[in-house]
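What follows is a short report on a single structure.
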Amino acid sequence: MSRLFRDVEGGPRCPHGSVVCIGAFDGLHLGHRALVRHTVSRARSLALPAVALSFEPLPREFFARGEAMPRLSTARAKARGLWALGIDQVGLLRFNTALSALSAETFVERVLVDRLQAREVWVGPGFGFGHRRGGTLSTLQTLGKAHGFSAAEIEPVLVDAERVSSTAIREALRNGDFEHASRLLGRPYAIEGRVVRGRQLGRTLGYPTANLRLGGRVPALTGIFAVRVTGVEGRVWPAVASLGTRPTVDGVEPLLEVHLFDFDGDLYGRCIEVEFVAKLRDEVRFESLDALTEQMHRDAAQARDLLTHDQRRAFG
């Protein structure tokens, strides 16, 4: 049986019962990880599968309509991260008009009872579900008594007296505060993806780039950055990156373009991870390609210098 499912309808996935956690899990920050690890621990103690239940698109994305919500991770990265934490099955339910119209009671019956045969359900602070978020933890506990499962929430995870949340991480990234974002995430912020062919304009300007498309999602940050790249020849590569729409060449789709220092090779089709270290500047429109190239020289020099000093500081 596949470890990933997308639909509300269908046969039982856990005929002998399961332990379920529910959340957005965007970015899999420290709060998410605490919820998932607790769920996995409870599942192992009961000899049941651990299931993480989420939604794609996220409900906030679906209801945003005209103004897309910035995402911290792709659906693929979310699923891989949940499996790495010990989750046995991941449900990324297709959030659409039909699902948003389900009452809390119907959602519990169709998903938690019929689909997953839940024995325990764990959620984070402030949990809401069902049509117009009409269901709360109290609702879940009442329905659980009727259907034979228990429900509870874990304590909020705090870092320096601040509750860890995806909203706080997005704000830190928007402000270029990668140190704070990393503390809340429990790891450096990074974007992973497969390198695709671009217009090869960077190569003609002397800065060949590895290009990662974002799959239609809105990034949580834009600009020019000093970054580190893994997934290439078994080492960490210092690099400079641009994340945005490339206004100088009338770009529209957000694209992550990464120039690896002192690298000469073919990266097309390779899956890489780009860790953001520092923001150098905002993305701006230049009057000519010559002006853009001059700024690229300055950006590259600044990124190389910053990463060299950062590495020295890391090793004392």
Side-chain angles (χ1 to χ4, degrees), residues 26-27 57-58 60-61 64-74 77 166-167 169-178 180-181 188-229 237-261 263 267-270 272-307:
D26 186 29
L58 297 179
R60 284 183 58 191
E61 281 185 290
R65 303 298 184 184
E67 186 175 348
M69 184 190 79
R71 288 290 299 266
L72 297 176
S73 61
T74 63
S166 296
T167 299
I169 295 167
R170 293 187 193 102
E171 182 66 23
L173 293 175
R174 233 184 343 259
N175 295 332
D177 190 348
F178 295 111
H180 185 50
Y189 177 71
I191 292 177
E192 62 177 56
R194 196 168 298 279
V195 178
V196 299
R197 290 190 179 274
R199 296 167 57 180
Q200 298 189 319
L201 176 62
R203 186 174 299 276
T204 66
L205 300 178
Y207 288 92
T209 59
N211 302 322
L212 276 64
R213 291 200 174 97
L214 304 182
R217 69 188 174 98
V218 176
L221 68 173
T222 59
I224 313 302
F225 305 90
V227 301
R228 297 189 185 95
V229 178
W237 287 86
V240 63
S242 167
L243 178 52
T245 57
R246 297 149 292 130
T248 302
V249 295
D250 299 320
V252 176
E253 176 193 8
L255 187 71
L256 175 56
E257 300 175 293
V258 189
H259 172 70
L260 282 68
F261 296 137
F263 176 79
L267 294 177
Y268 294 125
R270 188 186 297 270
I272 65 174
E273 183 176 77
V274 181
E275 175 195 326
F276 290 79
V277 178
K279 183 170 183 176
L280 306 181
R281 62 177 176 86
D282 290 330
E283 186 181 45
V284 297
R285 183 184 186 94
F286 292 90
E287 295 183 359
S288 66
L289 289 180
D290 286 341
L292 171 61
T293 303
E294 289 179 11
Q295 183 60 53
M296 290 169 69
H297 291 325
R298 291 191 287 270
D299 294 337
Q302 184 182 358
R304 193 187 287 266
D305 182 66
L306 189 151
L307 291 167

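Each residue takes its place number in the sequence, starting with 1.
- Shortest non-hydrogen contact noted between R285 and P247 is NH1-O, 2.5 Å.
- Remark: T74 engages R76, A77, R217 in a side-chain contact (heavy atoms from CB on, under 4.5 Å) (not counting sequence neighbours).
- Among residues two or more places apart in sequence or in another chain, the side-chain hydrogen bond (donor to acceptor under 3.5 Å, both in side chains) test is passed with E257 by none.
- Here the straight-line distance linking atom CD1 of I191 with atom CD1 of I272 works out to 10.5 Å at 0.5 Å rounding.
- Rounding to the nearest 0.5 angstrom, the gap separating the CG atom in D282 from the CG atom in L221 is 10.5 Å.
- To the nearest 0.5 angstrom, L243 atom CG is 10.0 Å from L212 atom CG.
- E273 and A190 get closest at one heavy-atom pair: CG-CB, 3.6 Å.
- Within the 4.5 Å cutoff, no side-chain heavy atoms of R281 are placed close to those of Q302.
- Under the rule for a salt bridge (charged side-chain N to carboxylate O under 4.0 Å, His left out), R246 has no partner lying at least two apart in sequence or in another chain.
- The number of heavy atoms from other shown groups lying within 6.0 Å of CD (E287) does not exceed 12.
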Applying side-chain contact (heavy atoms from CB on, under 4.5 Å) to H259 and M296, what does each step give before you reach the verdict? CA-CA 10 Å; H259 172 70; M296 290 169 69; over 6 Å; no
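- For the atom pair L292 CG and H297 NE2, the distance stands at 10.0 Å (nearest 0.5 Å).
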Decide yes or no on side-chain contact (heavy atoms from CB on, under 4.5 Å) for F261 and V240, but give the supporting numbers first. CA-CA 8 Å; F261 296 137; V240 63; 3.9 Å; yes
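- Between R170 and D26 the shortest side-chain heavy-atom distance falls below 4.5 Å.
- The heavy-atom pair separating P254 from P219 by the smallest distance is CB-CD, 4.1 Å.
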Just do the side-chain contact (heavy atoms from CB on, under 4.5 Å) check on L58 and M69 with the steps written out, would you? CA-CA 9 Å; L58 297 179; M69 184 190 79; 3.6 Å; yes
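- Taking all atoms of both residues into account, the shortest heavy-atom contact from G223 to K279 is CA-CE, 4.3 Å.
- Not counting sequence neighbours, the partners of F276 by the ring pair (Phe, Tyr, Trp, His ring centres under 6.0 Å) test are Y189, F225.
- For R174, the side-chain hydrogen bond (donor to acceptor under 3.5 Å, both in side chains) partners at least two apart in sequence or on another chain are E171.
- With sequence neighbours excluded, no residue forms a side-chain hydrogen bond (donor to acceptor under 3.5 Å, both in side chains) with E294.
- Contact of the F178 side chain with the L173 side chain is registered, since non-hydrogen atoms from C-beta on lie closer than 4.5 Å.
- In this structure, T245 OG1 and L255 CG are separated by 10.0 Å, a value rounded to the nearest 0.5 Å.
- Inspection of the T209 and N211 side chains reveals an N or O donor paired with an N or O acceptor under 3.5 Å.
- For the atom pair I224 CD1 and R298 CZ, the distance stands at 12.5 Å (nearest 0.5 Å).
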Could you walk me through whether V258 and L267 pass the side-chain contact (heavy atoms from CB on, under 4.5 Å) test, one step at a time? CA-CA 11 Å; V258 189; L267 294 177; over 6 Å; no
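- Closest approach of A303 to A239, counting heavy atoms only: CB-O, 4.2 Å.
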